[in-house]
Amino acid sequence: RALVAPSLFEGCNCFRQRLVLSTLSGKRVKIRNIRSKDDNPGLRDFEASFIRLLDKVTNGTRIEINQTGTVLFYQPGLLYGGSVEHECNVQRSIGYYLEALLMLAPFMKTPLRAVLKGVTNDPTDPSVDLLKVTAIPLMKKFGIDGDGLEIKVLKRGMAPAGGGEVLFTCPVRRSMKPVHLTEPGKIKRIRGTAFSVRVSPQMANRIVDSARSILNKFIPDIYIYTDHMKGASSGKSPGFGLTLVAETVNGTFLGAEVVSTPQGQGDPVLPEDLGRNCAKLLLEEVYRGGCVDSTNQSLSLLYMTLGQQDVSKTLLGPLSPYTVEFLRHIRDFFQIMFKIEQQKPGEDEQKGGEKVLMTCVGAGYSNINKTIK
Amino acid sequence: MEKKEQKRHQHKHSGPKADKKNRKKEQGTEPERDERKRNPRAFSVQSAVRMAKTFHRTQDIKTKKHHIPLVDRTPLEPPPVVVVVMGPPKVGKSTLIRCLIKNYTRQKLSDICGPVTIVSGKKRRLTFIECNNDINSMIDLAKVADLVLMLIDASFGFEMETFEFLNICQVHGFPRVMGVLTHLDTFKNNKTLSKTKKRLKHRFWTEVYQGAKLFYLSGMVYGEYQTQEVKNLGRFISVMKFRPLVWRTSHPYVVADRMEDLTDPEDIRLNPKCDRTVSLYGYLRGTFLKNKCQVHIPGVGDFSVADVSFLPDPCPLPEVIKKRALNVKERLLYAPMAGVGGLVYDKDAVYIDMPSGHGSQQQEVRPTTELVQSLIGTQATLDAKMAASKVTCLMFSVLIVRKQNPMESREWDERAQRERRRAVFADEDDDDDDDDDGDGEQESDEEEDEEEDDEEDEDEEGVTTLKKHDKTAAETAAPPVKKQKCEVPMEMPAFADSDDELEKSEEDESEEDESEEEEENEENEEMEEGEPAKKSSGPDSGLCSEDDDEDEEEDSDTDEDGDGTVKSKMSSKHPEEENIDTDDAEMGYETAGALRWKEDLAQKATEAYLRHQLAAPNLRKLVYGTGEHINLWDDSNDEEELGGLFKVNRPEKSKKVRADAMDCSRFQPDNSHDWDQEEVRSSIRDCFVTGKWEEDKDAATLLKEDEELYGDFEDLETGQVHKAKTGNKDQAEVKKKKKKKFFSIQKNKRLEKKRRLKERFDAQYDDGDATYFDDLKEEMQKQAELNRQEFEDVDDEIRVQYEGFRPGMYVRVEIPALPCEFVTNFDPHYPIILGGLGPSEGNVGYLQMRLKKHRWHNRILKTRDPLILSLGWRRFQTIPLYYIEDHNGRHRLLKYTPEHMHCGATIWGPITPQGTGFLAVQTVGGIKASFRIAATGVVLDLDKSVTIVKKLKLIGYPYKIFKNTSFIQGMFNTVLEVAKFEGASIRTVSGIKGQIKKALRTPPGAFRATFEDRLLMSDIVFLRSWYPASVPQLYNPVTSLLMPVGQKETWAGMRTLGQLKHDLGIRNKPNQDSLYKPVVRQVRHFNPLHIPKELQKALPFKNKPKQMQAKGKTPRDLQRPAVVREPHEKKVAALLDALSSVYAYKNKKARAEQHAKHKEFLKQKEKQEAERQKRMKEERKKTYRAMGQKEKKKLKSSLKGASKDN
């Protein structure tokens, strides 16, 4: 009998989610009307690059794109993993690609060792640094630990020209552990990295000072590293930025970051402003709260979905629009619905805004790619 | 076995022992002393090393007993246990089921058709399924069986089916197996009986496990097994525990016990072969079933489910458990395929299936069920159904089909390896089984049937005399088959009548309701007949509309969803049911469960609804929408037309933004918070460790509590009592001030305190024993508890959306686009299983598996011969390629499977998780092999490409030879080909190795190669290469359920090459060179050796060829004269002779002596040598053992390392 008809989607919104979930669930996907009414219709270069990356980490994937690039048919293969090197398009930063890889990596046949080249930091996507400090500890809570798990910035490349290089390695797991992240705990320290490439090393110090000026009002345990890369490891464009992460006593990591505007796009920023903005962003993130920061909400929800058939719980801050879309897609691909309970803060508590408790029963997913011997 | 008489102990009457005893007797009993004290040496530590070893060993044994702890996911109200009754034909399966049903429910079911669900106890329900003698059914049922009752004809012994079934079970996770020996009454001799019992028992034990339970059903009484024996069996079944099996706990499945065709009759009228929409009903087992998931129906194929909804349990467990035993009302029986069932709720209707009851009612009822059941049994078309006579006719045809089975088995038996295989004929002669309907035995059958009927009557009337059961009496009665036929038309009105009575018992019932009820009954019957039901009168009410209806009816709550027409029908019905419950006990017991369910549900639903309304400002709605999906594929209809010709193509802003928005996970913050302001900042003050802590976590309070706990203590030595001063003070203050206000807090505190104390206590005392294993177990237990509690108080309707339908629910699964043969050729005797598929298990790919030919299968398997695999839920035909892994990880193709070894196999088949077991048969149609299971194995890996290679030797010939360089031709055809193989190593047949260097221009394909030695022109050069083999992409599901009734076991797929050749009469022409020819040996003729003259001259004399001339006659002058000795000379000669002989004798003696001495010496030497060898061997052994242990340890540690990350 013929296979089940592919799921139909429209538009390039949530492009990554659809392809990633399709790969994990083995369901075929057809996306139509991709920027069909745009002046420049069809898939963009960065999306094509993303598809190519998926093709590299899988085996037996079938991709059909029509002439104008407005219709994409995707039949997922099996996740293969292994050593992969990919030239990411500079329109989006490596974070764009890495987010998808984080979702796929534990379910490969062989441990993934991906070298991604391109832009490491840009204003649109979560940067590699942020994922390194927030996503990796989160993954550890789901049982993906060991030596193999790491994100390493080999070279830093700023937008627009890029030239950065990131190494991502991840071990494979047969199944995910259920989690009960309901208690975020109190923030015990704040760490951060202020980086600067192809500009004066002094920039980083200026950023640190300004960021500390705000954060010191809350907690004294702050340490912000300065990271100035030179020569070959400094990429092709100048820039600087700051990544901050707040760690709680229960091992929750909340992160925030700001990067300087890319060269030749918009007004330049002062490092002092940047530091202050970043600190405020971190406070905003703390205000939102939860056990998972806003960029990794979808990652944690995915891992919960792909867990054993057990109840998992996670306390999140307000759901981001991306997460909401992701929840819908999870329902489409895995038929998993989350129980969403709002938790209003108490009257005398001063712990930020409303929280959302997400509860689900895992899909009983197991890694079908991993070989047994 | 006779017990051997053992020699008894003889008491001594004299001697030291007797004396000792006497002395003891005289002194009286000696005071018993402690063994340890009396003989301390025996209990002292002899060797510390040994003690350490024993300790180590006991620890090892203890640890070995551990299993990996798993989260307990068994549902609170488990689905009925599937009891599969399996056995060769005519062994008494149906009789056993009938007896068991009677034992449990006190009801009689004449024909076992499809699954029969009964309530067997306070906490257990059973579903009986009879497995017919078809390998398809055996495979399917082995996958769903919780308990297998394996019937064995003791008069015959084991049959191959039994072993086949056991092997099938083994592959798909071993369910509980209980053996039942029947036909024990055929043994006349008691000794042979016990001997046979023992023999069979031991054989059974080797197959299942030592001590597996085997029941003996000795003899029949009036066509039934003895009540006591059945009761015992029933007891065993109802207390049996089951272990979870991996595949089943990870996949949902439904054993369908009811099927309805929902296709629009108009569509069928237009095209009788149109695809059908079918709804299947059954208890959900295994794990959670998600709506809109994919299922596999073994024997039909893969389908995606259109809709799942849960229905009230048709066979519910008793609500309150306080009594000791079930009362009659609670012993429910539900078998819709056999035409027995209580009140059946559907999505938009309620059916009263049949007013089955006890005592006098049953008599009237039974035939109706037979009617329905006969209608189900027929696979007739519409017009066939019109004529009732044809129904029975067709039923008869079914019987004929059944009769064929023993024929097959008989043939089969002749080939079985049992030594008593001939007994099958004798067995048939004196077989007193009651479900065989062969023409030859019709008479006796009728008798038996009669007996049965009579007995039933008796039971019903309460008559206890058994006199009537004479054969003569039975013969006078009409044949049962005809009776059935006659009663078909008669019973219809009776059915209606009973309904009328039912109605009369009500006081206020309108006529409309009555007619409606009747209509519904008819409708129900129609559905049962497999006719399409008229359905979906209104819009679907979503999941379980009846629940909504319930709570509307009971609480007059207004609910938005719920369809009007059905609602009215339903609401009018329920009070009526309640009345039945109160008025008519006979009727009521069937609805009782439903009613209890109803009350509870309604209450629950309202509660949940209220809670729902209160709680959520509906984030859920925001995320998942209100239920209706936004149709993505609606093209914008609100396009304007310009002058009727052109359309204005106006990009819709909002939609476009939604569809083509930026794909970015970053959550941009709203700028409402100005973090420069103090009050904004203070809103997150408590998020930091510097902020205020919660009451229960604050360091200060914790400290205080600790003081409370540990502050007061009494110094035992001095008797001084220390009091915690500060704590007391504080407490007093708190009591005064905040007693009322923080009463609850105090309580909590106390609880917390207690908990903490207990924790500390545990930590102190259990810490030594707490192992990793215990921790893991505890964690799992916690998880299981959480799983249970999380959605406990959620309304079922919402709950199924979160977790899916949970096992134990009675679900209705709607499947569209089923092939029409499924409905037209429906046979309830064949199990219908809906096996849920996990994500991506619906896809197809290459599977690598480890496979072993079954030892009992008498032929090895050939690569590329189609094979039928049973893997996961599926049965399918595919083409495997066998391979073996070389030492370097290469997968080398094998032509045949090894005889007694595992090998790899790669197939193109459905993606199935690794570790899943499978079995292979060569054919499912008929019985050709003596043991049909050809191979078993396990899935190792899934991939989208194949890695199997085939050895390919390319052959070439030298055409020009220089020193070590040769020009080779004939291996390749073009220069390009050579270029690809440059540097490859080649070899001659004689073993000279070489390398390909470079292609030559002419002739094309020739190349220059260098060798380690000079070649000969006669040498053959070959290149060993590996050619990737391709696996044919054949995946052909076995569609045995689609076959016409009676031919379901004749499914035949692709034939093997051998079969094809055999069928078409093609014989291969053998290679002429391979044929044997008579060996003709020629006598070899050797030429004389010719040595050149020069060489002859140079040779030493010794080697010079001697030119020997033939000796002529010696001339007379050269002839020597004979010597005549003088007497003195003679004497001397004689003396010399004597001397020399003495010398010779002496010499000989000395040599013999020497020889003997030497021999001795050699012997000694040999002995020494042997000793040395022995020593060396021991030494070597020791070394090897050490090496081996090291290796093993290494292996074990690597295994451990591998398993750790699993």
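Protein chains get the first letters and strands the later ones, always in sequence-line order, with residue 1 at the start of each.
When A/Gly26, A/Ser320, A/Gly60 are compared by the number of non-hydrogen pairs under 4.5 Å with chain B, A/Ser320 comes out ahead. The choice from A/Thr323, A/Asn367, A/Leu283, A/Asn369 that makes the most heavy-atom pairs within less than 4.5 Å of chain B is A/Leu283. With chain B as the partner, the residue from A/Gly353, A/Pro318, A/Gly364 showing the most heavy-atom pairs under 4.5 Å is A/Pro318. Per-residue counts of heavy-atom pairs under 4.5 Å with chain B were compared for A/Pro171, A/Pro178, A/Ser298, A/Cys360; the largest is that of A/Pro178. Chain B forms the most heavy-atom pairs under 4.5 Å with one residue out of A/Glu341, A/His180, A/Lys188, and that residue is A/His180. Per-residue heavy-atom pair counts under 4.5 Å with chain B were compared for A/Arg16, A/Arg276, A/Glu99, and the maximum is reached by A/Arg16.
With a threshold of 4.5 angstrom between heavy atoms, B/Thr912 does not approach chain A through any atom at all. With a threshold of 4.5 angstrom between heavy atoms, A/Val286 approaches chain B through its backbone and through its side chain. In this structure, the portions of A/Tyr287 lying under 4.5 Å from any heavy atom of chain B include both its backbone and its side chain. Only the side chain of B/Gln783 comes within contact range of chain A, with at least one heavy atom under 4.5 Å from a heavy atom of that chain. Neither the backbone nor the side chain of A/Glu354 comes within less than 4.5 Å of any heavy atom of chain B. Interface residue B/Val939: only backbone heavy atoms are found under 4.5 Å from chain A. When heavy atoms are compared at a cutoff of 4.5 Å, A/Ser36 approaches chain B solely by way of its backbone atoms N, CA, C and O. Using a 4.5 Å cut-off between heavy atoms, A/Phe326 does not touch chain B at all. Heavy-atom distances place both the backbone and the side chain of A/Leu319 under 4.5 Å from chain B.
To the nearest 0.5 Å, atoms CZ (B/Arg620) and CD (A/Gln342) are separated by 13.5 Å. Within the model, atoms OH of B/Tyr846 and CG of A/Asn59 stand 10.5 Å from one another, a figure rounded to the nearest 0.5 Å. Remark: A/Lys313 NZ to B/Glu790 CD distance equals 4.0 Å, nearest 0.5 Å. The CG atom of B/Leu942 sits 13.0 Å away from atom NZ of A/Lys370, with the distance rounded to the nearest 0.5 Å. In this structure, A/Thr124 OG1 and B/Gln668 CD are separated by 9.5 Å, a value rounded to the nearest 0.5 Å. Here OG of B/Ser840 is found 7.5 Å from CG of A/Leu78. Values are rounded to the nearest 0.5 Å.
Using a cutoff of 4.0 Å between basic side-chain nitrogens and carboxylate oxygens, B/Asp676 and A/Lys280 are scored as salt-bridged. Salt-bridge annotation for B/Asp686 and A/Lys351: absent, with no side-chain N of the basic residue lying under 4.0 Å from a carboxylate O of the acidic one. Using a 4.0 Å cut-off between charged side-chain N and carboxylate O, B/Arg73 and A/Asp310 make a salt bridge.
The backbone N or O of A/Ala363 lies less than 3.5 Å from no partner atom in the side chain of B/Lys290, so there is not a single donor-acceptor pair. Side-chain atoms of A/Gln335 never come within 3.5 Å of backbone atoms of B/Cys293 as a donor-acceptor pair (strictly under, hydrogens ignored). A donor-acceptor contact shorter than 3.5 Å links the side chain of A/Arg328 to the backbone of B/Val623. The backbone N or O of A/Ile368 lies less than 3.5 Å from a partner atom in the side chain of B/Gln914, making a donor-acceptor pair. The backbone N or O of B/Tyr802 lies less than 3.5 Å from no partner atom in the side chain of A/Lys339, so there is not a single donor-acceptor pair. Judged by distance alone, with hydrogens and angles left aside, the side-chain atoms of A/Ser25 form no donor-acceptor pair with the main-chain N or O of B/Pro839 at under 3.5 Å.
The two residues A/Ile372 and B/Gly915 make their nearest non-hydrogen contact at CD1-N, 3.5 Å. Taking all atoms of both residues into account, the shortest heavy-atom contact from B/Lys692 to A/Lys186 is O-NZ, 3.1 Å.
Residues passing the side chain to side chain donor-acceptor pair (under 3.5 Å) test with A/Glu257 are A/Ser127, B/Arg666, sequence neighbours excluded. Residues that satisfy the side chain to side chain donor-acceptor pair (under 3.5 Å) test with A/Thr70, not counting sequence neighbours, are A/Asn66, A/Thr68.
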Next item on the list: Evaluate the criterion side chain to side chain donor-acceptor pair (under 3.5 Å) for residue pair B/Asp663 and A/Asn13; output intermediate values, then yes/no.
Entry: CA-CA 6 Å; B/Asp663 180 17; A/Asn13 188 24; over 6 Å; no

Check: Going through the distances and angles, do B/Trp675 and A/Ile214 end up as a side chain to side chain contact (heavy atoms under 4.5 Å, CB included)?
Finding: CA-CA 9 Å; B/Trp675 293 103; A/Ile214 288 188; 5.8 Å; no

Next item on the list: For side chain to side chain contact (heavy atoms under 4.5 Å, CB included), just list the numbers for A/Gln308 and B/Val71, CA-CA rounded to whole Å, side-chain angles, deciding distance to a tenth of an Å, and then say yes or no.
Entry: CA-CA 10 Å; A/Gln308 306 268 291; B/Val71 180; over 6 Å; no

Note to self: What verdict does the side chain to side chain contact (heavy atoms under 4.5 Å, CB included) test give for A/Phe338 and B/Leu619, after you've listed the backbone C-alpha separation in whole Å, the side-chain angles of each residue and the deciding distance to 0.1 Å?
What the structure shows: CA-CA 11 Å; A/Phe338 279 79; B/Leu619 207 55; over 6 Å; no

Checklist line | Derivation of the side chain to side chain contact (heavy atoms under 4.5 Å, CB included) call for A/Arg62 and B/Lys944 | finding: CA-CA 11 Å; A/Arg62 230 179 84 212; B/Lys944 293 274 182 182; over 6 Å; no

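Between the side chains of A/Asp125 and B/Ser665, no donor N or O sits under 3.5 Å from an acceptor N or O.
A cation-pi contact links A/Arg288 to B/Phe667, judged by a cut-off of 6.0 Å to the six-membered ring centre and 45° from its axis.
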